[in-house]
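Along the sequence shown, residues carry numbers from 1.
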Amino acid sequence: KLWHPDDVEMVQNALSDVFETGGKYDLDHRIVQADGTIRIVHEQAELQYNDDGKPLRLFGPVQDVTELRTAQGELRLSEERFRTAFNAGGTGMVMSDNEGRYVEANRAFCDFVGYELEELQKKTSRDLTHPDDRPIYDELRDGLRSEDRVNIREKRYVRKDGETVWAITTGARVVDQRTGDVVGIS
């Protein structure tokens, strides 16, 4: 009774497939330890045969991946929360790369500046900044490139239809730990 009751059928089906096809399996499932603790294990197994060609045993590693899967689940939840707040928020939000090019924008920002996301992705934040406010933009960008701080400024945007609109802009720097790329969120 090592397998978690809800995973028994899945594990049995995987094992049946291996014995029917002579292949391998690669599976995550839960186990119940003697003290009742539930752990998640990752198993990889290959069927080994005796000299007569009959299945002898399954051979392969079993690794406890409970902490990894828990962390992955928490990361997915965090990403989902951010994505929901970003997309559903009534306040305009954008993500831009280190050069200020728009990477993502929510509907509220697109409506605010009059551009669709695909159009914005061909522009930089500086392109939409009122010419008189470009020094403010340059100061914000330079600050985000060099420091881990939040910048708050009032500035004007020029909408697609040419109208000038005011906004209070908050910019924050996020560094991708894998690549070192800097992403601005405002």
Side-chain angles (χ1 to χ4, degrees), residues 4 6-7 10 26-31 37-42 63-186:
H4 188 281
D6 294 342
D7 292 352
M10 174 181 61
D26 192 331
L27 181 71
D28 281 2
H29 67 88
R30 293 169 290 176
I31 60 170
T37 304
I38 297 172
R39 305 297 292 175
I40 302 169
V41 295
H42 178 78
Q63 181 180 11
D64 185 338
V65 293
T66 306
E67 285 77 17
L68 175 63
R69 296 301 183 253
T70 300
Q72 288 171 332
E74 289 170 0
L75 178 60
R76 275 192 299 279
L77 180 59
S78 177
E79 288 171 344
E80 184 178 323
R81 285 179 183 150
F82 173 78
R83 182 63 50 200
T84 298
F86 184 88
N87 289 328
T91 301
M93 290 183 71
V94 299
M95 285 187 271
S96 56
D97 66 14
N98 198 35
E99 302 305 315
R101 286 183 299 268
Y102 291 111
V103 176
E104 291 285 336
N106 67 1
R107 174 55 30 206
F109 185 79
C110 290
D111 291 345
F112 181 69
V113 295
Y115 287 93
E116 292 301 319
L117 177 59
E118 296 75 23
E119 296 173 295
L120 282 174
Q121 289 173 330
K122 297 175 185 166
K123 298 192 171 293
T124 67
S125 183
R126 193 171 204 281
D127 294 336
L128 273 61
T129 299
H130 188 279
D132 294 343
D133 291 347
R134 288 193 175 145
I136 294 170
Y137 167 82
D138 293 338
E139 180 185 332
L140 286 169
R141 286 297 326 152
D142 291 345
L144 289 176
R145 284 184 179 136
S146 62
E147 302 174 24
D148 289 328
R149 66 179 169 137
V150 174
N151 291 298
I152 302 172
R153 298 283 189 278
E154 188 174 32
K155 71 174 224 177
R156 291 169 286 182
Y157 285 92
V158 178
R159 291 175 40 89
K160 183 178 180 179
D161 62 11
E163 179 186 355
T164 299
V165 289
W166 284 90
I168 295 175
T169 302
T170 303
R173 175 182 185 214
V174 178
V175 178
D176 185 328
Q177 297 301 320
R178 298 166 300 170
T179 64
D181 292 341
V182 175
V183 177
I185 298 178
S186 58

Q | Exercise: identify the closest heavy-atom pair between Gly89 and Ala108 | A |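 Heavy atoms only, the tightest pair is O-CB, 3.8 Å.
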
Q. Which atom pair, heavy atoms only, marks the closest approach of Pro131 to Val158?
A.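 Pro131 and Val158 have their closest heavy atoms at CD-CG2, 4.4 Å.
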
Do the side chain of [X] and the main chain of [Y] share a donor and acceptor less than 3.5 angstrom apart?
X: Arg134; Y: Arg126; value: yes
X: Thr84; Y: Glu80; value: yes
X: Asp133; Y: Arg156; value: yes
X: Glu104; Y: Met95; value: no
X: Asp64; Y: Val41; value: no
X: Arg101; Y: Gln121; value: no
X: Asp7; Y: Met10; value: no
X: Thr66; Y: Ile40; value: yes
X: Asn106; Y: Met93; value: yes

Q) Does CD1 in Ile168 sit with more than 12 non-hydrogen atoms of other residues, nucleotides or ligands closer than 6.0 Å? A)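 No, CD1 of Ile168 has 12 or fewer neighbouring heavy atoms, counting only those of other groups under 6.0 Å.
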
Q | Note: Glu116-Lys160 ion pair, threshold 4.0 Å (strictly below) | A | no

Q. Are the aromatic ring centres of Phe109 and Tyr102 under 6.0 angstrom apart?
A. yes

Q | The single option from Leu128, Asp127, Val94 passing side chain to side chain contact (heavy atoms under 4.5 Å, CB included) against Leu120 | A |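 In the set Leu128, Asp127, Val94, the residue that makes a side chain to side chain contact (heavy atoms under 4.5 Å, CB included) with Leu120 is Leu128.
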
Hey, are the side chains of [X] and [Y] touching, using non-hydrogen atoms and a 4.5 Å cut-off?
X: Val165; Y: Glu163; value: yes
X: His29; Y: Ile31; value: yes
X: His4; Y: Arg39; value: no

**Q.** Passing option when Lys155 is tested against Thr169, Thr129, Asp132 for side-chain hydrogen bond (donor to acceptor under 3.5 Å, both in side chains)
**A.** Thr129

Q. Where do Arg69 and Asp28 land on the side-chain contact (heavy atoms from CB on, under 4.5 Å) test, with the steps shown first?
A. CA-CA 10 Å; Arg69 296 301 183 253; Asp28 281 2; 2.6 Å; yes

